[in-house]
Enquirer: 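Just passing along the structure, written as structure tokens.
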Amino acid sequence: MLTSKITKIGKVVICGAKGVGKTAMLEQLIYGHVTIDSELHSTIEDTYVASVDTGKGSRDMLRIYDTAGLQGNVQLPRHYLLFSDAFILVYDPSDPASLDMLAGIKSDVDKYKDKKEMIIIVIANMRSRQTRSVGNTQLNNNDLIESNLNRANNWCSRERIKHYTVNAMERASLYEPFIQLAIRMYPAQTKSSFPQLRQLTQKTSKVDNS
């Protein structure tokens, strides 16, 4: 359902190891023109704006900060930890090191969230299945992927984080995590019960005075 009414803007940081496909995911999600042959340069820092229809009759805006891929002991810059409303942690399930890095990122987020509830989701980008392999290499790669997906599921379960599996080459696979993220950031407002409470108080007062 499309609507021109825009209600909110949330600040989301997408981060992870270098080369896990963060930029490809965002380019595919917003523009839908990424293919296996697309050339995407390494990100230093970029910002995207996504308009998300969560089915509430209005569209929620997400300002997504695409960060430079992390390597080695390099940490996410502190300013991202201070101003963000939510974090998307991305890894490549064919690369165990990219998954291991997420625990450190979450630990840094927890240190700087200033007692507020921080929304974090984890995304496994399955784009690695597009690579061509010979002989038993592909079989071994699939075993590695399944092992890392199981590890990620177990870790996310312990940390109470939502875990999604997508493929940056398939745009439709990207919708659910971003829609669910927007829903969690901006839950539907429920009507206040105070008017009914006030009416009840008024009726009770009349009875007491009679």
Side-chain angles (χ1 to χ4, degrees), residues 6-54 59-95 97-109 112-113 118-128 130-131 161-186:
I6 296 173
T7 56
K8 307 175 182 72
I9 299 178
K11 297 181 288 292
V12 180
V13 171
I14 184 168
C15 51
K18 183 177 181 180
V20 295
K22 302 182 301 297
T23 301
M25 286 170 46
L26 294 177
E27 290 281 332
Q28 189 76 284
L29 175 74
I30 296 172
Y31 304 114
H33 59 201
V34 177
T35 68
I36 297 175
D37 298 323
S38 297
E39 292 187 13
L40 297 174
H41 301 287
S42 297
T43 300
I44 298 177
E45 182 178 283
D46 209 345
T47 304
Y48 294 80
V49 176
S51 175
V52 183
D53 184 356
T54 57
R59 299 183 76 88
D60 294 322
M61 297 291 286
L62 299 180
R63 190 182 305 278
I64 305 173
Y65 297 87
D66 185 14
T67 62
L70 303 178
Q71 300 182 80
N73 294 323
V74 177
Q75 296 178 313
L76 190 68
R78 183 178 299 182
H79 65 275
Y80 289 122
L81 303 169
L82 297 176
F83 71 74
S84 305
D85 300 312
F87 288 85
I88 301 173
L89 312 185
V90 183
Y91 73 99
D92 179 347
S94 69
D95 178 9
S98 71
L99 173 58
D100 294 337
M101 185 175 287
L102 302 190
I105 297 175
K106 184 182 183 299
S107 179
D108 288 339
V109 171
Y112 290 95
K113 64 183 181 180
M118 185 62 65
I119 299 173
I120 301 174
I121 66 172
V122 169
I123 293 181
N125 182 12
M126 299 292 289
R127 64 186 175 81
S128 58
Q130 299 292 335
T131 60
I161 299 173
K162 289 288 187 180
H163 179 258
Y164 299 92
T165 301
V166 306
N167 187 326
M169 298 299 105
E170 299 173 5
R171 191 181 191 189
S173 73
L174 301 170
Y175 295 155
E176 183 181 3
F178 286 88
I179 290 175
Q180 293 302 318
L181 178 65
I183 290 174
R184 290 181 62 192
M185 291 176 69
Y186 306 114

Enquirer: Find out whether Y91 and M101 are in side-chain contact, i.e. whether some heavy atom of one side chain is under 4.5 Å from a heavy atom of the other.
Expert: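 Answer no - side chains too far apart.
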Enquirer: Indicate yes or no for a side-chain donor-acceptor contact from D66 to the backbone of D46 under 3.5 Å, with no hydrogens or angles considered.
Expert: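 Judged by distance alone, no pair lies under 3.5 Å.
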Enquirer: Just verifying a value: how many Å separate R184 CZ and I120 CD1, rounded to the nearest 0.5 Å?
Expert: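 Those atoms lie 9.0 Å apart.
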Enquirer: Where do C15 and L76 come nearest, in terms of heavy atoms and distance?
Expert: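 Here C15 and L76 meet closest at CB-CD1, 3.9 Å.
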Enquirer: Mind listing the closest non-hydrogen atom pair of I121 and P177 along with its distance?
Expert: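 Of all heavy-atom pairs spanning I121 and P177, the closest is CD1-O, 3.9 Å.
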Enquirer: Using a 3.5 Å distance criterion without hydrogens, assess whether the side chain of S84 forms a donor-acceptor pair with backbone atoms of V12.
Expert: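 Here the side-chain-to-backbone pair does not exist.
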Enquirer: Quick one: which residue pairs count as a salt bridge (charged side-chain N to carboxylate O under 4.0 Å, His left out) with a foot in residues 9-32, not counting sequence neighbours?
Expert: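 Output for this query lists K11-D85.
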Enquirer: What is the distance from atom CD of Q28 to atom OG1 of T35, rounded to the nearest 0.5 Å?
Expert: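 Rounded to the nearest 0.5 Å, the CD-OG1 separation comes out at 8.5 Å.
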Enquirer: Please check if the side chain of S173 supplies one atom and the backbone of N167 the other of a donor-acceptor pair under 3.5 Å.
Expert: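 Judged by distance alone, yes, a pair lies under 3.5 Å.
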Enquirer: At what distance, to the nearest 0.5 angstrom, does OH of Y48 lie from CD1 of I64?
Expert: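 Between Y48 OH and I64 CD1, I get 9.5 Å after rounding to 0.5 Å.
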Enquirer: Could you give the distance from CE (M25) to CD1 (I14), rounded to the nearest 0.5 Å?
Expert: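 Result: 4.5 Å between the selected atoms.
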Enquirer: Provide the closest heavy-atom pair for A182 versus T54 in the form atom of the first, atom of the second, distance.
Expert: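 Where A182 meets T54 most closely, the heavy atoms are CB-CG2, 3.7 Å.
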Enquirer: Do the non-hydrogen side-chain atoms of M185 and L62 ever get within less than 4.5 Å of each other?
Expert: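 Yes, their side chains come closer than 4.5 Å.
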Enquirer: Report, as yes or no, whether the 6.0 Å neighbourhood of atom CZ on F83 holds more than 12 heavy atoms from other residues, nucleotides or ligands.
Expert: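 Check passes, neighbour count above 12.
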Enquirer: Is there a donor-acceptor contact under 3.5 Å linking the side chains of S98 and D92?
Expert: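 No, D92 and S98 have no side-chain donor paired with an acceptor closer than 3.5 Å.
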Enquirer: Within the structure provided, determine whether L89 and I161 are in side-chain contact (heavy-atom separation under 4.5 Å).
Expert: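 No, every pair of side-chain atoms sits at 4.5 Å or beyond.
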Enquirer: Taking C-beta and beyond as the side chain, do V34 and M169 meet within less than 4.5 Å on heavy atoms?
Expert: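 V34 reaches M169 side chain to side chain.
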Enquirer: Drop me the distance from I119's CD1 to I183's CD1, to the nearest 0.5 angstrom.
Expert: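 So the CD1 of I119 and the CD1 of I183 are separated by 11.0 Å.
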Enquirer: Does Y186 reach the main-chain N or O of I9 with its side chain, forming a donor-acceptor pair under 3.5 Å?
Expert: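 Yes; judged by distance alone, with no hydrogens or angles, the pair exists.
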Enquirer: Got L26 and F178 here, is their nearest side-chain heavy-atom distance under 4.5 Å?
Expert: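 They are in contact (side-chain heavy atoms under 4.5 Å apart), so the answer is yes.
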Enquirer: Distance from F87 atom CZ to D108 atom CG, nearest 0.5 Å?
Expert: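 Interatomic distance, F87 CZ to D108 CG, rounded to 0.5 Å: 9.5 Å.
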Enquirer: Quick one, L29 and Y175 - any side-chain contact, counting heavy atoms below 4.5 Å?
Expert: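 The answer is yes, as the side chains (C-beta and beyond) meet within the 4.5 Å cut-off.
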